[in-house]
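Each chain gets a letter, A, B and so on, in the order its sequence line appears, and its residues count up from 1.
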Number of protein chains: 2
Amino acid sequence: MERDDLGALFGRVVRRLIAAERPLLEAHGLTMWEYSVLTHLAKQPTETQQALAAAIGYDKSRLIPLLDGLAGQGLLVREPDPANRRAHAVRLTPDGLARLEAARADIRAMEEELLSVLSAAEQRHLLAVLPRLAD
Amino acid sequence: MERDDLGALFGRVVRRLIAAERPLLEAHGLTMWEYSVLTHLAKQPTETQQALAAAIGYDKSRLIPLLDGLAGQGLLVREPDPANRRAHAVRLTPDGLARLEAARADIRAMEEELLSVLSAAEQRHLLAVLPRLAD
DNA sequence: TATTGTTATACTCTATAACTATA
DNA sequence: TATAGTTATAGAGTATAACAATA
């Protein structure tokens, strides 16, 4: 066998990342899925719950208690959509954005350290290639 | 935000890989963990159950029904270790190796196709860099 | 009739502790 | 007392279906 499967290689990297992220997120009072919601809302300021669930690859029914928790902490608000009274528009609050950015700063620092085993050119190559494989 | 988190990028790639692998493995009558066991035994022909569980990142208690199923299909055998009668040595059978190689051929073909969005040089760079991030 | 959010339920996956037989 | 394998059980995570309100 000339090399390991891609699934095994990528899987091991993801496990490392998850293990390294968990305590950082926990220190900011966030789970991985909560962080994922905040991250998406920072990119896409207003989303219906359904669009949000689809975008982050989560189930719309599991999303409800997740949003309840984040709304309870004041990190996001659910506003009735005047154009479609069935839909709720989910929006990040300033507190939510601040919490996200604080958590992200820690995660980015961890990532830089993990990437530091690679040369600057290798890091550039990797970051250029990953989004193309992810789509 | 200059780029997505590494966790998000790698996570999306892994989800793609898992989604693409599942039907291939299913066609060979294997789950992902079963494939993982066979793959490890092909590299490391004889292992105790405990060492095997640790190596693939699985729980020793969950491993038992998994090995039962694979042994029932004749893909591996559990032999009492004469030196230590508590331990069982797990060993791949010729059928197990054949099943693994058939599944792996399909998976490799899928991987080549997924990687084909990259140039040959980009593929080389990626495959050189991944194992260093995985450790 | 279809869609949005919600709730309830069942199912799978995973982690923990306890048991046996050996050492 | 500790270890290898096993079993049982509880917990977390996930998927599915059904419901109310609105379109």
Side-chain angles (χ1 to χ4, degrees), chain A residues 7 11-12 14-19 21-23 25-26 29-37 40-41 44 46-72 76-91, chain B residues 7 11-12 14-19 21-23 25-26 29-37 40-41 44-72 76-92:
Chain A
R12 268 184 275 156
V14 165
R15 276 199 223 171
R16 266 193 85 180
L17 283 167
I18 289 176
E21 278 184 22
R22 198 187 303 278
L25 288 172
E26 201 167 348
L30 294 172
T31 66
M32 206 123 29
W33 283 114
E34 288 171 340
Y35 179 72
S36 177
V37 164
H40 181 77
L41 288 177
Q44 191 77 24
T46 304
E47 285 276 65
T48 68
Q49 296 187 189
Q50 190 156 290
L52 180 57
I56 67 172
Y58 209 57
D59 197 90
K60 65 167 184 164
S61 72
R62 288 186 291 155
L63 188 62
I64 281 96
L66 199 69
L67 294 182
D68 288 345
L70 291 170
L76 56 80
V77 288
R78 271 186 277 203
E79 294 167 331
D81 185 337
N84 181 349
R85 284 186 299 168
R86 289 176 300 188
H88 294 187
V90 182
R91 197 167 49 72
Chain B
R12 267 183 276 156
V14 165
R15 277 199 223 172
R16 267 193 84 180
L17 282 167
I18 288 176
E21 278 184 22
R22 196 187 304 276
L25 288 172
E26 200 168 350
L30 294 172
T31 66
M32 205 120 32
W33 283 115
E34 287 171 339
Y35 180 72
S36 177
V37 164
H40 182 78
L41 288 178
Q44 191 77 24
T46 304
E47 285 277 64
T48 68
Q49 297 188 187
Q50 190 156 290
L52 179 58
I56 68 172
Y58 209 57
D59 197 272
K60 65 167 184 164
S61 72
R62 288 186 292 155
L63 187 63
I64 280 93
L66 199 69
L67 294 183
D68 288 346
L70 291 169
L76 55 79
V77 287
R78 270 185 277 203
E79 295 167 331
D81 185 337
N84 181 349
R85 283 186 300 168
R86 289 176 300 188
H88 294 187
V90 181
R91 196 166 50 72
L92 213 55

Asker: Considering just the side-chain nitrogens and oxygens of B/R62, establish if one lies under 4.0 Å of OP1 or OP2 belonging to C/dT14.
Answerer: yes
Asker: Is it the case that over 12 heavy atoms from other parts of the model lie below 6.0 angstrom from the CZ atom of A/R22?
Answerer: no
Asker: Measure the CG-CD distance between A/L66 and A/Q49 for me, rounded to the nearest 0.5 Å.
Answerer: 10.5 Å
Asker: Please determine whether the number of non-hydrogen atoms from other residues, nucleotides or ligands lying under 6.0 Å from atom CZ of B/R78 exceeds 12.
Answerer: yes
Asker: Please tell me if the side chains of B/I18 and B/V14 come closer than 4.5 Å, counting only heavy atoms from C-beta onward.
Answerer: yes
Asker: Using whole Å, what does the distance between atom P of nucleotide C/dT14 and atom NZ of B/K60 come to?
Answerer: 18 Å
Asker: Using whole Å, report how far CD of B/E79 lies from P of D/dG5.
Answerer: 13 Å
Asker: Could you check how far CD1 of A/I64 sits from P of D/dA15, rounded to whole Å?
Answerer: 14 Å
Asker: If you check the A/H88 side chain, which of C/dG5, D/dT6, D/dT22 turns out closest?
Answerer: C/dG5
Asker: Return the value, rounded to whole Å, for the distance between atom CG of A/L67 and atom P of C/dT7.
Answerer: 12 Å
Asker: OP1 or OP2 of D/dT6 less than 4.0 angstrom from a side-chain nitrogen or oxygen of B/R78, does that happen here?
Answerer: yes
Asker: Under 4.0 Å from OP1 or OP2 of C/dT4: is there any side-chain N or O of A/R85 that close?
Answerer: no
Asker: May I ask you to evaluate whether B/W33 reaches the phosphate of C/dT12, defined as a side-chain N or O under 4.0 Å from OP1 or OP2?
Answerer: no
Asker: CG of B/D68 versus P of D/dA8: gap in Å, rounded?
Answerer: 12 Å
Asker: D/dG5, C/dA23, C/dT16: which one has an atom nearest the side-chain heavy atoms of B/S61?
Answerer: C/dT16
Asker: To the nearest angstrom, how far is A/L63 atom CG from C/dA8 atom C1'?
Answerer: 17 Å
Asker: Between atom CZ in A/R22 and atom P in C/dT14, what is the gap in whole Å?
Answerer: 13 Å
Asker: To the side chain of A/N84, which of D/dT3, D/dA23, C/dT6 is closest?
Answerer: D/dA23
Asker: Specify the residues of residues 49-59 of chain A, ordered by number, for which at least one heavy atom lies under 4.0 angstrom from an atom of DNA chain D.
Answerer: A/D59
Asker: So which one's nearest nucleotide on DNA chain D is more toward 5', B/P65 or A/A83?
Answerer: B/P65
Asker: Distance alone, cut at 3.5 Å: any donor-acceptor contact between the side chains of B/E79 and B/H88?
Answerer: no
Asker: Using whole Å, what does the distance between atom P of nucleotide C/dT4 and atom CZ of A/R86 come to?
Answerer: 6 Å
Asker: Between the main-chain N or O of A/T31 and the side-chain N or O of A/E34, is there a donor-acceptor pair closer than 3.5 Å?
Answerer: yes
Asker: Applying side-chain contact (heavy atoms from CB on, under 4.5 Å), run through A/V37 and A/L63 and close with a yes or a no.
Answerer: CA-CA 9 Å; A/V37 164; A/L63 188 62; 4.1 Å; yes
